Number of protein chains: 2
Amino acid sequence: MTKLRIGNKALIKDMNRSVVINTIRKVGPLSRTDISTQTGLGLSTITKIVEELKNSRLVFETGAANSTGGRRPILLEFNKQYAYAVGVKIMKDHLVLALTDLDATIIHSLEVPFHPTDSPTEIIQLIIHTIEQLLSKQQVKIDQVEGIGVAVSGLVDSKKGLVVRSPLLGWEDVALSKPIQDVFQKPVFIDNDVNAYTYAEVEKGHGLHQNNFICVSIGDGIGMSIVIDRKLYSGEFGGAGEFGHTIIQVDGRSCHCGQEGCLEMYASTIALEQESTVLFRSYPNSILLNKKLTFDSVYDAALAGDEMAIVLFDKLGYYLGIGLINAINSFNPGTIVLIGEGMIAQEYFLPTAITKAKKNFFYHDRYETKVLISRLGNDAWVKGAAILAINQLFQPPIYESTPSLLS
Amino acid sequence: MTKLRIGNKALIKDMNRSVVINTIRKVGPLSRTDISTQTGLGLSTITKIVEELKNSRLVFETGAANSTGGRRPILLEFNKQYAYAVGVKIMKDHLVLALTDLDATIIHSLEVPFHPTDSPTEIIQLIIHTIEQLLSKQQVKIDQVEGIGVAVSGLVDSKKGLVVRSPLLGWEDVALSKPIQDVFQKPVFIDNDVNAYTYAEVEKGHGLHQNNFICVSIGDGIGMSIVIDRKLYSGEFGGAGEFGHTIIQVDGRSCHCGQEGCLEMYASTIALEQESTVLFRSYPNSILLNKKLTFDSVYDAALAGDEMAIVLFDKLGYYLGIGLINAINSFNPGTIVLIGEGMIAQEYFLPTAITKAKKNFFYHDRYETKVLISRLGNDAWVKGAAILAINQLFQPPIYESTPSLLS
DNA sequence: AACTTTCTTTCTTCAGTGAAGCAAGTTATT
DNA sequence: AATAACTTGCTTCACTGAAGAAAGAAAGTT
């Protein structure tokens, strides 16, 4: 278990430095007095800590604000350019990389295609090479990079830095962190792609107003992540949130995972295919006939007024609603945030899903789980990957062996 | 959100006192040197803190152990009798109360029946009256009681001290904590009964070796609790773990909760009734005919060789296995602990359930979720209730406004 | 007598605190 | 305008009290 540090002067100092810098980082330009009242620390303490933070360039003074009847406050701001982070997302046939500042703002990003047949080793080499390219193009030295975050779809053991299994990439037991870490000598963090997105949601999205929520991703598969008190819960070996493989139908449709009746078979891209085989009988004239069914293609058909497309989404919405009920009844989250490519067609399936989901166990009780849609853009995946690396720098240093900028 | 305290001398002292007392409490008789090496605190610090703890009677010296070649160590032990706690479990038609020491060992317990038609107010008065009786019988003054914990089945908002809904008792929105607290002027903690049992499991059961697990209770209904890093996760308003009402069959059997296809309809006492209506056609000679079906009665029938009883448990096991799969795939716990009255018949349904549950999403990956059976006795419910009250006394005081013995 | 282990005492270190005071503005009064 | 009085922001410094280190006392064993 993560063990608490014992109390000594080093702990006091680490904690207070952490509080001060995180206050400045999150609440933005602040005067020393503001920080003092917000944190509860004495003014003299703030003065001393700010002095140090200024010397290490983590914080800088950014002129004086207007007076409110006395001496004008000197505003302090977090130096986002103190260092950089790199985010990587591994997709089916290409990589997305981004260089960000410490606020996770993307400075420059690159996309590099690869062949689906490329081996893990080749792809890892491609990642390393592209990071080098990204850095040299932006004239950033590796010493200025505080960490590298990588997002991969599939089952990821982030503690061990291992991709246990990724059906999308055809990977099994790939040690992803180590080779990258060996080259750059910088901390490398890997996680599941939905988890990475969720970090972005925590820091930049709905997490700004919610401390407990779950993210459900709808796309090729169904993913989930669990946020408790702003922290992600990963399960014993990173598999929490294999929600797509919870069973909603005893002895139902066979899933590629070996089970029967998985939610993923009823409310993802795969579900569109599955459901359509039956539906084509009733809708022989559907323009979807002989087309590859994806959220995009079915959405286009629905927009064009194709009845079968509309029915298809409606069915998907019903099953998704059941999935949401199960999530609500298991976790009782205050909020569910929906993400993923499937959301482009939300108008066609979400109303049905939400109507169904509202009839959950708690709906008698005035307690309602809000269902929200992520407002982050498509770059949230790679931004989240960068946040994997950034976040660890600013954790409150109360546990043993937490690395930190504030040493 | 729970906010971290700022670093100052008071924090240091609180933290270290907490570390020392919890080390003594958990690891048992220890010398000062032992504590020093275990905690990492300096010997002189330990001497000072132990001095204080001795003065406040929280710790006492219990003779000297054998020498290992030098001065004999003076063993220190936690004073379990420093104070008392009271645990209460509200059952369908009776109360169970227990007076415990600070190690949650039961000193004396009482059972008091009531009428199912009694109003919440009457039952609360009965609780208050019985606590008084329990204390006076044991000649304990209320000042010596550090807290009172109450376990109730149903949806409990423990932060607000509210029983939101308890179908078993027919309660809705009952403010349970406040009236008790008003009388005794001592902290009162309430929680769901499965959660209370889980606290006992954390402190006295499998939690001694596991930091992350879930408990699944099988009985009249199906309950669940989630333990992450030795802490219970309760959800936004205490409803996490309404696992019995996750849907395993789209449009399946109607549940009293208003949904269809809830797990509870397939793997609890209710399921036995439901399933039997069909099965009686195939087994017209079953000795279960015209009997009230409970785990007890069906178990007796199975022991007597009744085929239908055996089939009934086998079906229940299959569905339970599906429930366990859903729990495993959602939470990826290292361990599942099974509890509840249903476990008396485990030999007839568990093998089927575990066989099914093993075929979960992770079973390719050498990662296995252990399924264990709780070894705690029937008094774990009320013991857990007492632990609700005891635990808050020994929390590490790193968050703002955590009450503590060590002020 | 020499060594070990446990525990205590004394002294040192250093981070936060709070009062006093300085800095730099605004507001009211002349 | 000029001045005095007030406000707000920040800094300095003596003080407090926590852990820590070192020396040594206590109580054993070899």
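On a predicted model such as this, the values are computed, not experimentally measured, just so you know. All chains are named by letter (A, B, ...) in the order of the sequence lines, taking the proteins before the strands, and each is independently numbered beginning at 1.
At the heavy-atom level, A:Lys13 lies under 4.0 Å from the strands shown only through sugar-phosphate atoms. Using a 4.0 Å heavy-atom criterion, one finds that A:Gly42 contacts the sugar-phosphate atoms exclusively. Here A:Thr68 lies in heavy-atom contact (under 4.0 Å) with sugar-phosphate atoms only. Within the 4.0 angstrom heavy-atom criterion, only backbone atoms of the sugar-phosphate kind lie near B:Ser31; the bases stay farther away. Within the nucleic acid shown, B:Ile12 comes within 4.0 Å of sugar-phosphate atoms alone, with no base atom in reach, counting heavy atoms only.
Between the CG atom of B:Leu43 and the C1' atom of D:dG24 there is a distance of 13 Å, given to the nearest Å. For A:Arg32 and D:dT12, the CZ to C1' distance is 14 Å, given to the nearest whole Å. When rounded to the nearest whole Å, the span between CD1 of A:Ile46 and P of D:dT12 equals 16 Å. Regarding B:Arg17, its CZ atom lies at a distance of 9 Å from the P atom of D:dA18, rounded to whole Å. Between the CG atom of A:Asp14 and the P atom of D:dA18 there is a distance of 20 Å, given to the nearest Å. Here the C1' atom of nucleotide D:dC10 and the NZ atom of A:Lys54 are 11 Å apart, to the nearest Å. With rounding to whole Å, A:Glu52 atom CD is found 13 Å from D:dT11 atom P.
Under the 3.5 Å distance criterion, with hydrogens and angles disregarded, no donor-acceptor pair is assigned to the side chains of A:Thr23 and A:Gln38.
Mapping heavy-atom proximity under 4.0 Å, the span of DNA chain C touched by chain A runs 5' to 3' from C:dT13 to C:dT26.
Between B:Glu203 and B:Lys26 there is a salt bridge, with a side-chain nitrogen of the basic residue lying less than 4.0 Å from a carboxylate oxygen of the acidic one.
Across D:dA18, D:dG28, D:dT8, the shortest atom-to-atom separation from the side chain of A:Arg71 is found for D:dT8. Taking every side-chain heavy atom of A:Thr33 into account, D:dG9 is the closest of D:dA18, D:dA19, D:dG9. Picking from D:dG9, D:dT11, D:dT29 the nucleotide with the shortest atom distance to the side chain of B:Ser67 gives D:dT29.
Side-chain to base pairing of B:Ser44 with D:dA21: one donor and one acceptor N or O lie within less than 3.5 Å of each other.
Two residues are said to be in side-chain contact when any heavy atoms from C-beta on lie closer than 4.5 Å; A:Val86 and A:Lys186 fail this criterion.
Nearest heavy-atom pair across A:Phe78 and A:Val59 is CA-CG2, 4.4 Å. The two residues A:Ser18 and A:Pro396 make their nearest non-hydrogen contact at OG-CA, 3.6 Å.
In this structure, A:Lys204 places its NZ atom where more than 12 heavy-atom neighbours from other residues, nucleotides or ligands lie under 6.0 Å away.
Ring pair B:Tyr199/B:Phe189: centre-to-centre distance not below 6.0 Å.
For residues 27-37 of chain A, the salt bridge (Lys or Arg N to Asp or Glu O under 4.0 Å) pairs, not counting sequence neighbours, are A:Arg32-A:Glu61.
With DNA chain D read from its 5' end, the first of the two nearest nucleotides for A:Lys48 and A:Ile74 is the one closest to A:Ile74.
Residue B:Asn8 places none of its side-chain N or O atoms closer than 4.0 Å to OP1 or OP2 of D:dA18.
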